[in-house]
Trainee: 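I'd like to ask some things about the structure below.
Proteins get letters first, then strands, A, B, ... in listed order; numbering begins at 1 in each. Since we're looking at a predicted model, the values are computed, not measured.
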Protein chains: 2
Amino acid sequence: MDLAPDAFARDCASRVVLDRIGDRWTVLIVVALSDGALRFSQLRSKIEGITPKVLTQTLRALERDGLVTRTVFAEVPPRVEYELTDLGRDLLAPIDAIRVWAEDHAARIVANRERHDG
Amino acid sequence: MDLAPDAFARDCASRVVLDRIGDRWTVLIVVALSDGALRFSQLRSKIEGITPKVLTQTLRALERDGLVTRTVFAEVPPRVEYELTDLGRDLLAPIDAIRVWAEDHAARIVANRERHDG
DNA sequence: CTGTATCCCTACGGATACTG
DNA sequence: CAGTATCCGTAGGGATACAG
């Protein structure tokens with residue numbers, strides 16, 4: 001597999017990425033924005049079950065990492081749009097890699113889990 | 001990017017995988033085992049900072065998912081070896097995909113983070 | 001050697017209500 | 001509309017000590 005030594009030490013680059021996409025909501029938001037910018041309320045309804053507080057938190061984290069931009073329009077009623085940056089769009093590639101692998105293997109994992117439990 | 005609709009709904013296959021590799025220790029253990037079986041104490045010293053309790057917990061979860069096997073040898077002193085299954089070795093592929101992407105992009109994320117904070 | 005048992009503690013997610 | 005403010009409960013990680 002040719003993994004570099006200490007490839008996954010606690011503070012390495014991969015941890016930065018894993019800590020982000022390991023988050024429960026981040027991937028959902030990034031995928032939701034993959035077709036273009038969305039407003040806060042649009043994200044909220046598109047991502048079922050997320051509370052406004054958690055949506056804000058996650059969006060702030062994505063903004064901080066430069067994966068999402070936040071644009072405020074000086075209008076009444078207020079309008080705020082969130083959009084993936086180039087870096088954010090790049091993130092769709094590894095996300096998709098995981099999705100593909102998951103679709104091929106997750107069933108086996110779940111089956112193992114049920115056999116082990118039952 | 002051609003992502004399937006609802007590709008990352010909360011209970012989908014990808015969540016199963018992300019919940020596992022998003023775990024702080026799972027990836028470290030899987031990578032540590034990539035060169036072959038290791039004993040409990042070997043894992044413990046190879047993975048700096050992990051407590052025995054958490055190591056056991058994580059290994060049990062990996063065993064449950066069929067990613068790792070646990071072999072007890074009837075010896076004194078006791079010897080237990082952990083080894084990746086075929087499925088566990090398959091997991092190295094998406095892990096490596098993330099590692100590659102991370103090495104290409106994590107520096108930018110960290111830089112964005114520092115600029116945003118500072 | 002290979003784990004358990006216990007205790008602590010806090011970080012995080014969710015619910016709810018409220019504001020500019 | 002786009003968030004904040006509060007409160008809460010709990011799961012989970014870490015430290016430490018102990019057991020088979």
Side-chain angles (χ1 to χ4, degrees), chain A residues 8-11 15-16 18-30 32-33 36-65 68-83 113 116-117, chain B residues 8-11 15-16 18-30 32-33 36-65 68-83 113 116-117:
Chain A
F8 285 97
R10 289 187 70 171
D11 298 326
R15 250 306 115 211
V16 174
L18 285 167
D19 283 343
R20 182 113 326 288
I21 67 176
D23 176 84
R24 183 168 219 71
W25 301 106
T26 293
V27 171
L28 291 172
I29 291 176
V30 170
L33 292 175
L38 290 177
R39 308 176 59 162
F40 188 87
S41 54
Q42 290 176 311
L43 280 169
R44 198 176 160 184
S45 60
K46 191 164 187 172
I47 300 171
E48 199 176 342
I50 197 168
T51 61
K53 173 188 158 189
V54 174
L55 180 54
T56 300
Q57 281 176 352
T58 312
L59 285 169
R60 292 286 186 276
L62 288 167
E63 197 187 353
R64 183 171 98 107
D65 288 353
V68 160
T69 57
R70 177 175 181 271
T71 307
V72 182
F73 296 87
E75 301 176 4
V76 179
R79 177 162 64 108
V80 179
E81 284 192 350
Y82 295 90
E83 189 171 16
R113 211 170 273 188
H116 186 275
D117 294 348
Chain B
F8 284 97
R10 289 186 69 172
D11 299 325
R15 251 306 116 210
V16 174
L18 285 168
D19 284 343
R20 182 114 327 288
I21 68 176
D23 177 83
R24 182 167 218 71
W25 301 105
T26 294
V27 170
L28 291 171
I29 292 176
V30 171
L33 292 175
L38 289 177
R39 307 175 61 163
F40 188 87
S41 54
Q42 292 177 311
L43 281 169
R44 199 177 160 183
S45 59
K46 191 163 188 172
I47 300 173
E48 199 176 343
I50 196 168
T51 61
K53 172 187 160 194
V54 173
L55 179 54
T56 299
Q57 280 176 351
T58 312
L59 286 169
R60 293 285 187 277
L62 288 168
E63 197 187 353
R64 184 171 96 108
D65 288 353
V68 161
T69 57
R70 177 176 182 271
T71 308
V72 182
F73 296 86
E75 301 175 4
V76 179
R79 178 162 62 108
V80 179
E81 285 191 350
Y82 295 91
E83 189 171 17
R113 214 172 270 188
H116 186 274
D117 294 348

Trainee: Checking side-chain contact (heavy atoms from CB on, under 4.5 Å) between B/Leu55 and each of B/Thr51, B/Thr58, B/Leu59, which is the one that passes?
Mentor: B/Leu59
Trainee: Would you mind classifying the nucleic acid contact of B/Phe73 as base, sugar-phosphate or nothing, using non-hydrogen atoms under 4.0 angstrom?
Mentor: nothing
Trainee: When you measure from the side-chain N and O atoms of A/Trp25 to the phosphate of C/dG14, is any distance below 4.0 Å, counting only OP1 and OP2?
Mentor: yes
Trainee: Does B/Arg60 make a side-chain N or O approach to OP1 or OP2 of C/dT4 shorter than 4.0 Å?
Mentor: yes
Trainee: Has A/Arg24 got a side-chain N or O lying under 4.0 Å from the OP1 or OP2 atom of C/dG13?
Mentor: no
Trainee: Would one find a side-chain N or O of A/Gln57 under 4.0 angstrom from OP1 or OP2 of C/dG13?
Mentor: yes
Trainee: Tell me whether the side-chain N/O atoms of A/Arg79 come closer than 4.0 Å to OP1 or OP2 in D/dG3.
Mentor: no
Trainee: Taking the nucleotide of DNA chain C with the nearest heavy atom to each, does A/Pro52 or A/Asp23 sit closer to the 5' end?
Mentor: A/Asp23
Trainee: Suppose we call a contact any N or O donor and acceptor under 3.5 Å apart; does that hold for the side chain of A/Lys53 and the base of D/dG3?
Mentor: no
Trainee: Below the 4.0 Å mark, does D/dA2 have OP1 or OP2 next to a side-chain nitrogen or oxygen of A/Ser41?
Mentor: yes
Trainee: Report yes if some heavy atom in the side chain of B/Leu33 is under 4.5 Å from a heavy atom in the side chain of B/Leu62; otherwise report no.
Mentor: no
Trainee: Counting N and O atoms only, with roles assigned by atom type, does the side chain of A/Thr69 sit under 3.5 Å from a partner on the main chain of A/Glu83, one being a donor and the other an acceptor?
Mentor: yes
Trainee: Got B/Arg113 and A/Val16 here, is their nearest side-chain heavy-atom distance under 4.5 Å?
Mentor: yes
